[in-house]
Protein chains: 2
Amino acid sequence: MKKKTELSIETTEMARVLKALGHPVRLYIIQKLSKMNACCYSGDLVDEIPVGRSTLSQHLKELKFAGLIQGEVEPPYIKYCLNKGNWEEARKMFNELFTENEQL
Amino acid sequence: MKKKTELSIETTEMARVLKALGHPVRLYIIQKLSKMNACCYSGDLVDEIPVGRSTLSQHLKELKFAGLIQGEVEPPYIKYCLNKGNWEEARKMFNELFTENEQL
DNA sequence: ATATCATTTCGTTATTTTGCGAAATAAAGA
DNA sequence: TCTTTATTTCGCAAAATAACGAAATGATAT
């Protein structure tokens with residue numbers, strides 16, 4: 001078959017999530033939020049991660065855009081937490097990726 | 001603490017794998033190999049994926065570099081299969097990422 | 001030796017990503 | 001009002017990525 005199908009929305013969407021996770025700084029943040037089941041502040045992170053404030057802010061923005069985290073304004077801080085719903089979605093996608101089955 | 005620790009090797013390495021998966025074409029290939037528990041040829045893929053031969057070749061190279069697949073020369077073809085060992089490693093890493101626990 | 005076949009490498013171009021510091025914002029305190 | 005504090009946005013430069021077609025490779029068949 002010489003179909004040249006478009007790649008499915010599901011694959012494209014999952015790749016987007018994987019891409020968002022595919023940077024050490026962003027993965028570190030997600031690991032922290034996931035493992036500790038906690039939230040954190042940009043100011044905490046900047047002391048732990050070897051990157052400047054504005055750069056960190058960019059990464060947070062990307063994670064937010066990918067739907068993996070959400071920010072709650074708590075002046076003068078912003079509290080970042082996992083987006084639980086989307087995180088659960090991601091977990092399911094990953095599970096499926098690692099589960100063999102006959103159809104595609 | 002104003003430590004600015006280096007990010008761990010584990011996090012950096014896992015980010016590398018995620019990054020390799022974070023492109024629709026590469027993810028499609030891995031999905032196919034994983035779900036069908038099969039191998040495939042570049043020539044098959046080029047008919048299914050909307051991308052040129054040389055571009056596809058580049059993506060295969062990246063997946064190989066990331067350790068996710070391996071190519072077996074079968075002239076005039078090259079048979080690409082999942083690198084089972086590393087794939088299992090990845091599965092474990094992902095599982096851990098989605099598992100809450102207190103320490104970091 | 002030459003032609004064919006699947007695939008890769010090369011050279012190039014366009015786009016995206018990463019990172020930084022300076023300036024902007026937004027809220028609260030003096 | 002003028003600071004201070006936490007964070008983001010802006011503007012920029014450097015590096016990485018993605019994509020392509022043309023040329024190269026390596027193996028086989030004529």
Side-chain angles (χ1 to χ4, degrees), chain A residues 1-2 4-7 11-30 32-33 39-66 68-81, chain B residues 1-2 4-7 11-30 32-33 39-66 68-81:
Chain A
M1 24 163 115
K2 286 239 174 237
K4 284 275 189 188
T5 331
E6 286 288 306
L7 297 182
T11 295
T12 305
E13 186 50 36
M14 184 169 178
R16 263 178 33 83
V17 172
L18 285 157
K19 187 175 177 184
L21 291 170
H23 184 286
V25 167
R26 294 194 294 265
L27 180 58
Y28 175 88
I29 295 167
I30 294 293
K32 180 162 178 142
L33 296 183
C39 298
C40 67
Y41 302 93
S42 177
D44 302 339
L45 292 170
V46 85
D47 294 336
E48 304 170 33
I49 302 177
V51 83
R53 283 166 199 281
S54 60
T55 304
L56 177 58
S57 186
Q58 268 305 118
H59 285 305
L60 288 167
K61 188 176 170 183
E62 271 182 77
L63 287 173
K64 203 160 49 175
F65 183 69
L68 292 172
I69 64 172
Q70 54 203 161
E72 206 179 313
V73 178
E74 237 180 34
Y77 301 95
I78 297 173
K79 186 165 84 175
Y80 285 104
C81 310
Chain B
M1 24 163 115
K2 286 236 173 243
K4 285 275 190 189
T5 331
E6 285 288 305
L7 296 182
T11 295
T12 304
E13 186 50 36
M14 184 169 179
R16 264 178 33 81
V17 172
L18 286 157
K19 188 175 177 183
L21 291 170
H23 184 287
V25 167
R26 295 193 294 266
L27 180 57
Y28 175 88
I29 295 166
I30 294 293
K32 180 162 178 141
L33 296 183
C39 299
C40 66
Y41 302 92
S42 177
D44 301 339
L45 292 171
V46 86
D47 294 334
E48 304 171 33
I49 302 178
V51 83
R53 283 166 199 285
S54 59
T55 305
L56 177 59
S57 186
Q58 269 304 118
H59 285 305
L60 288 167
K61 188 177 170 183
E62 270 181 79
L63 287 173
K64 203 161 48 174
F65 184 69
L68 292 172
I69 64 173
Q70 54 202 161
E72 206 178 314
V73 179
E74 236 180 34
Y77 301 95
I78 297 174
K79 185 166 86 176
Y80 285 104
C81 310

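Note that these values count all heavy atoms, side chains included, but never hydrogens, waters or copies made by symmetry. Please read these numbers as outputs of a predicted model, since none were measured by experiment. Within every chain, numbering begins at 1; the chains are lettered A, B, ... in the order of the sequence lines, protein sequences first and strands thereafter.
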Is there side-chain contact between B:Val46 and B:Val51, with at least one heavy-atom pair below 4.5 Å?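 No - every pair of side-chain heavy atoms lies 4.5 Å or more apart.
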Measure the [atom1]-[atom2] distance between [X] and [Y] for me, rounded to the nearest 0.5 Å.
| X | Y | atom1 | atom2 | value |
| --- | --- | --- | --- | --- |
| B:Leu63 | B:Ile30 | CG | CD1 | 4.5 Å |
| A:Glu62 | A:Ile29 | CD | CD1 | 10.0 Å |
| A:Cys40 | A:Ile78 | SG | CD1 | 11.5 Å |

Listed by chain and number, what are the ring-ring contact (aromatic ring centres under 6.0 Å, His included) partners of A:Tyr80, not counting sequence neighbours?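 Here no residue qualifies.
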Worked check of side chain to side chain contact (heavy atoms under 4.5 Å, CB included) between B:Leu45 and B:Lys32: CA-CA 10 Å; B:Leu45 292 171; B:Lys32 180 162 178 141; 4.2 Å; yes
In B/S/- notation, 5' to 3', how is nucleotides 1-15 of chain D contacted by protein heavy atoms closer than 4.0 Å? -----SBBB------
Rounded interatomic separation in angstrom, taking [atom1] from [X] and [atom2] from [N]:
| X | N | atom1 | atom2 | answer |
| --- | --- | --- | --- | --- |
| A:Glu72 | C:dA27 | CD | C1' | 16 Å |
| B:Leu63 | D:dA18 | CG | P | 11 Å |
| B:Arg16 | D:dT17 | CZ | C1' | 15 Å |

Need the bend value for the helix from C:dA1-D:dT30 to C:dA30-D:dT1: angle between end axes, 5 pairs each end, nearest 10°. 0°
Is there any protein nitrogen or oxygen under 3.5 Å from a nitrogen or oxygen in nucleotides 14-17 of chain C, and what are the pairs?
{"unit_1": "C:dT17", "atom_1": "OP1", "unit_2": "A:Lys19", "atom_2": "NZ", "d": "2.6"}

Here's a test of your reading of the structure: between A:Val73 and A:His59, which maps to the more 5' nucleotide of DNA chain C?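 Counting from the 5' end, the first nearest nucleotide belongs to A:His59.
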Side chain to side chain contact (heavy atoms under 4.5 Å, CB included) between B:Tyr28 and B:Ile49, intermediate numbers included: CA-CA 9 Å; B:Tyr28 175 88; B:Ile49 302 178; 3.4 Å; yes
Kindly write out the residues that satisfy side-chain contact (heavy atoms from CB on, under 4.5 Å) with A:Ser42, not counting sequence neighbours, or none if the list is empty. A:Leu56, A:Leu60
Checking side chain to side chain contact (heavy atoms under 4.5 Å, CB included) for the pair A:Cys81/A:Leu33: CA distance, chi angles, key distance, verdict? CA-CA 7 Å; A:Cys81 310; A:Leu33 296 183; 5.7 Å; no
For residues 14-24 of chain B, which side-chain N or O atoms pair as donor and acceptor with protein atoms under 3.5 Å away, sequence neighbours left out?
{"unit_1": "B:Arg16", "atom_1": "NE", "unit_2": "B:Glu13", "atom_2": "OE1", "d": "3.4"}
{"unit_1": "B:His23", "atom_1": "ND1", "unit_2": "B:Val25", "atom_2": "N", "d": "3.0"}

